[in-house]
Amino acid sequence: MAAVILAALLSACAGSPSGSGTAQAAPDDTVTGVLDTYRHDPRKTVPATRTRMVDACTDRTRPVRHTSSSGSGKRRTTRTWYTTEHERDCHKVPRGTEAYRRVVHTERWCVRLDDVWYRVDAATYDTATRTDRGDRLTVSPLGTGCTG
């Protein structure tokens, strides 16, 4: 049993040396490699149309009967009066179309380490722009690839 645990620990620690020049993923999801280049892709939108939804309301009125009583026994009187209550019922209905800008892809910041593209946040991208090409850089990528 102890031999199995020892073998598992040794195999987990095995790996290539960090100075090999290839981008490597560390256990804390960081990647270190030689900075090749970087790229910023702004948000891309295209014109599009969609159904325009508007409020359609119906107004209704209804009579309401009110009563008030006073006195007791033979002297009891009841007064009755009527008022009108207003009600409004609203819901969305399609009415024509409207133009808007559809987002094709959001803004992206990318760096290329050892010929592999990584998507990064804006702060990491800013660091990469201030780093010389060919220098080693450690990033926490949001994802791989930077296709546009």
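Because the structure is predicted, anything quoted here is derived from the model rather than measured.
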For R88 against C57, the heavy-atom pair lying closest together: NE-CB, 3.9 Å
Name every donor-acceptor pair, under 3.5 Å, that has one atom in a side chain of residues 63-71 and the other anywhere in the protein, sequence neighbours excluded.
{"residue": "H66", "atom": "NE2", "partner": "T83", "partner atom": "OG1", "Å": "2.8"}
{"residue": "S69", "atom": "OG", "partner": "T78", "partner atom": "OG1", "Å": "3.4"}
{"residue": "S70", "atom": "OG", "partner": "T77", "partner atom": "OG1", "Å": "3.1"}

Note, T32 side chain near L137 side chain (heavy atom, < 4.5 Å): no
Close side-chain approach of R112 and R39, heavy atoms under 4.5 Å: no
Contact check, side chains of E87 and R62, non-hydrogen atoms, under 4.5 Å: yes
Between CG on residue D41 and SG on residue C110, distance to nearest 0.5 Å: 5.5 Å
Any D36 side-chain heavy atom under 4.5 Å of D115 side chain: yes
Electrostatic pair D135:R133 at N-O distance under 4.0 angstrom: no
Partner set under salt bridge (charged side-chain N to carboxylate O under 4.0 Å, His left out) for K92, not counting sequence neighbours: D55
From CA spacing to verdict: side chain to side chain contact (heavy atoms under 4.5 Å, CB included), V103, R43: CA-CA 7 Å; V103 177; R43 182 178 80 149; 3.9 Å; yes
Point-to-point distance, once rounded to the nearest 0.5 Å, from OH of Y100 to OG1 of T45: 11.0 Å
Under 3.5 Å donor-acceptor, T131 side chain and T127 backbone: yes
Close side-chain approach of V31 to T138, heavy-atom, < 4.5 Å: no
Rounded distance (nearest 0.5 Å) linking atom CD of E107 with atom NZ of K44: 15.0 Å
Reference residue Y38; test side chain to side chain contact (heavy atoms under 4.5 Å, CB included); the match among Y118, Y125, W117: Y125
Flag side-chain contact, heavy atom, 4.5 Å: L35 against L113: yes
Close side-chain approach of E98 to R50, heavy-atom, < 4.5 Å: yes
Neighbour count above 12 (heavy atom, 6.0 Å) for R76 CZ: yes
Polar side-chain atom of D114 near backbone of V34 as donor-acceptor pair, under 3.5 Å: yes
Neighbour count >12 (heavy atoms, 6.0 Å) for atom CZ, R95: no
Salt bridge (charged side-chain N to carboxylate O under 4.0 Å, His left out): pairs with one or both residues in residues 116-128, sequence neighbours excluded: D126-R130
Distance, nearest 0.5 Å, that separates CH2 of W109 from CG of L142: 9.5 Å
